[in-house]
Amino acid sequence: MPPDAHLPQLREALLAWFAAHQRPLPWRINYTPYEVWISEVMLQQTQMERGVSYFTRWMARFPDVAALAAASEEEVLRLWEGLGYYSRARHVLAAARLIMEKHKGVFPSGLEDIRALPGVGPYTAGAVASIAFGEKLPCVDANVERVVARVFDLDGPVKQEPAASAVRAWALRLVPEGRAREHNQAMMELGALVCGKKPRCALCPLAAFCVSLHLGIVDQRPVPGKRAAITPIEVVTGVLRHTGRVFVQKRLASGVWGNLWEFPGGRVEPGESPEQAVAREFGEETGFDVAVDRSYGIIRHGYTTYRITLHCFALSLAATTAAATAAEPPAPPILTAASAWRWVTPVELENLAMPAAHRKLADQIFGPGGQSRLPGA
DNA sequence: CACTCGTGGGC
DNA sequence: TGCCCAAGAGT
């Protein structure tokens with residue numbers, strides 16, 4: 001059964017399935033370019049369910065490009081906190097300001113103009129152009145790669161050539177005239193709900209057209225690519241408290257968690273205890289001479305290719321420090337790994353964007369609303 | 001092309 | 001539990 005001759009039937013089966021089974025989602029109501037754009041960026045490498053609450057909060061606060069462009073990066077990052085890949089948030093803000101300046105506040109409709117926005121790559125440009133503006137273009141994400149690799153039985157890793165080009169070619173051929181919006185969402189929805197990691201072929205509207213299913217090798221498609229090795233690392237962080245306030249610093253713009261606020265810390269060196277490491281790292285990053293008062297325990301988390309064990313400690317200014325017993329702020333820190341610093345109250349901490357592990361620690365110490373749950377405040 | 005850049009769900 | 005991985009982009 002050559003799939004080429006059955007493309008019209010395949011398209012119709014897919015569209016019918018989508019009409020019956022699509023999930024009701026907040027960005028499937030108005031289809032404004034702004035909403036499509038924000039939803040697509042939020043959903044990059046993110047599970048759909050998680051994106052819904054973020055999207056709803058975002059639209060309540062930033063209902064249009066102008067509102068976003070006028071916002072501070074601090075607030076944008078705070079709303080993005082927990083979604084990860086924070087350069088997406090910084091790019092979205094930069095793009096909104098670019099739209100205000102170069103496009104007079106009107107979201108650009110041309111593919112090239114959309115693609116030129118910061119943080120908009122091949123996928124997102126095609127998604128906005130087709131879903132918001134109806135352009136006859138495919139959206140090739142991981143879902144589409146998986147669906148195409150199975151239906152057309154591609155036998156190479158879909159992230160690499162030549163399979164990557166084959167996926168794009170098939171994806172383009174599949175797009176029906178005048179219905180790119182529904183079709184592209186249907187392909188991704190099918191990949192999410194039916195043609196997932198564990199395919200549910202009995203429920204699939206494309207089963208009759210699926211080559212790898214007929215060959216009995218669906219479980220061998222798509223062909224997986226190389227995986228990066230996971231590196232375990234031991235890390236420490238310290239919560240330095242003084243007269244009811246907590247010390248935080250703002251990470252540099254480049255690198256992981258760029259421009260987010262954190263408790264200082266760093267890696268445990270070989271032969272070093274976590275207690276020794278936190279005092280050393282805190283001193284290196286701030287110039288403060290600190291004493292380790294107690295442990296807050298361990299938080300495990302991972303990012304990209306790292307698996308982190310985070311040892312958390314309560315710190316105070318060392319007795320040798322003049323300000324240790326004084327009821328006034330100590331001398332300013334000498335920052336070596338951050339662009340800014342603050343002594344904040346637990347309530348103020350709520351308004352700062354922090355990495356997930358540090359937010360988890362803050363909530364553990366001060367409570368989700370900033371009320372102290374542990375002695376020593 | 002290969003690497004960086006987060007996070008939490010699911011199995 | 002440990003590991004895979006999800007509506008990718010930038011360098």
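Order of the sequence lines sets the chain letters (A, B, ...), proteins ahead of strands, with each chain counted from 1. The figures that follow rest on heavy atoms only: side chains count, while hydrogens, waters and symmetry mates do not.
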What pairs of nitrogen or oxygen atoms, one from the protein and one from nucleotides 3-5 of chain C, lie under 3.5 Å apart?
from	atom 1	to	atom 2	distance (Å)
dC4(C)	OP1	Arg227(A)	NE	3.1

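Remark: His21(A) pairs with Trp17(A) by the ring-ring contact (aromatic ring centres under 6.0 Å, His included) rule, at least two apart or across chains. For His358(A), the ring-ring contact (aromatic ring centres under 6.0 Å, His included) test picks out Phe263(A), with sequence neighbours left out. Shown here are the ring-ring contact (aromatic ring centres under 6.0 Å, His included) partners of Tyr31(A), two or more places apart in sequence or in another chain: there are none.
Toward the 5' end of DNA chain C, the nearer of the two residues Arg23(A) and Arg115(A), judged by each one's closest nucleotide, is Arg23(A). Sequence order on DNA chain B of the closest nucleotides to Gly302(A) and Tyr306(A) puts Tyr306(A) first from the 5' end. Map Thr305(A) and Gly82(A) each onto its nearest nucleotide of DNA chain B; the residue landing nearer the 5' end is Thr305(A).
Atom CG in Leu83(A) sits about 16 Å away from atom P in dA9(C), given to the nearest Å. Computed from coordinates, the Arg88(A) CZ to dA6(C) C1' distance equals 10 Å when rounded to whole Å. Between the CH2 atom of Trp80(A) and the P atom of dG8(C) there is a distance of 12 Å, rounded to whole Å.
Within 4.0 Å (heavy atoms only), Ala356(A) reaches sugar-phosphate atoms of the nucleic acid but no base atom. Residue contacts shown for Gly255(A) are limited to sugar-phosphate atoms, with no base heavy atom under 4.0 Å away. Here Trp37(A) lies out of heavy-atom contact (under 4.0 Å) with every strand. Nucleic acid contact for Glu49(A): none, since no nucleic acid atom lies under 4.0 Å from a heavy atom of the residue. Arg251(A) comes within contact range of no nucleotide atom at all, as no heavy-atom separation falls under 4.0 Å.
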Donor-acceptor list for residues 171-179 of chain A side chains, cut-off 3.5 Å, not counting sequence neighbours:
none

Cut-off 3.5 Å, no hydrogens considered: what does the side-chain donor-acceptor table look like for residues 111-125 of chain A, sequence neighbours left out?
from	atom 1	to	atom 2	distance (Å)
Arg115(A)	NH1	Val120(A)	O	2.9
Tyr123(A)	OH	Glu40(A)	OE1	2.5
Thr124(A)	OG1	Gln44(A)	NE2	2.9

Validation: residues 63-85 of chain A side-chain donor-acceptor distances under 3.5 Å, sequence neighbours left out:
from	atom 1	to	atom 2	distance (Å)
Asp64(A)	OD1	Ala66(A)	N	3.3
Asp64(A)	OD1	Ala67(A)	N	2.8
Ser72(A)	OG	Glu75(A)	N	3.2
Glu73(A)	OE2	Asn259(A)	ND2	2.5
Glu74(A)	OE1	Trp261(A)	NE1	3.2
Glu74(A)	OE2	Lys250(A)	NZ	2.9
Glu74(A)	OE2	Trp261(A)	NE1	3.2
Glu75(A)	OE1	Arg61(A)	NH2	2.9
Glu75(A)	OE2	Arg61(A)	NE	2.4
Glu75(A)	OE2	Arg61(A)	NH2	3.4
Arg78(A)	NE	Glu350(A)	O	2.6
Arg78(A)	NH2	Glu350(A)	O	3.1
Trp80(A)	NE1	Gly84(A)	O	3.1
Glu81(A)	OE1	Met354(A)	N	2.8
Glu81(A)	OE1	Arg359(A)	NE	3.3
Glu81(A)	OE1	Arg359(A)	NH2	2.9
Glu81(A)	OE2	Arg359(A)	NE	2.9

Can you give each donor-acceptor pair under 3.5 Å made by side-chain atoms of residues 127-138 of chain A, sequence neighbours left out, with the distance rounded to 0.1 Å?
from	atom 1	to	atom 2	distance (Å)
Ser130(A)	OG	Gly126(A)	O	2.8
Ser130(A)	OG	Ala127(A)	O	3.4
Ser130(A)	OG	Asn184(A)	ND2	2.9

Indicate every side-chain donor-acceptor pair of residues 199-209 of chain A with a distance under 3.5 Å to a residue at least two apart or in another chain.
from	atom 1	to	atom 2	distance (Å)
Arg200(A)	NH1	Leu193(A)	O	3.4

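Cluster note: Ile298(A) groups with no other residue, as no ILVMFWY side-chain heavy atom lies under 4.5 Å from it.
In this model, a donor atom of one side chain and an acceptor atom of the other lie less than 3.5 Å apart for Glu285(A) and Gln249(A).
Once you apply a 4.0 Å limit to the heavy atoms of chain A, the touched nucleotides of DNA chain B run 5' to 3' over dC1(B) to dG9(B).
Taking the side chain as every heavy atom from C-beta outward, Glu234(A) and Leu310(A) never approach each other to under 4.5 Å.
With hydrogens and angles ignored, the 3.5 Å screen pairs no side-chain donor or acceptor of Glu12(A) with any backbone N or O of Gln9(A).
Residues from residues 116-126 of chain A lying near DNA chain C, meaning a heavy-atom separation below 4.0 Å, are Pro118(A), Gly119(A), Val120(A), Gly121(A), Pro122(A), Tyr123(A), Thr124(A) in numerical order.
Comparing the P positions of dG6(B) and dC3(C) gives an interatomic distance of 22 Å, to the nearest angstrom.
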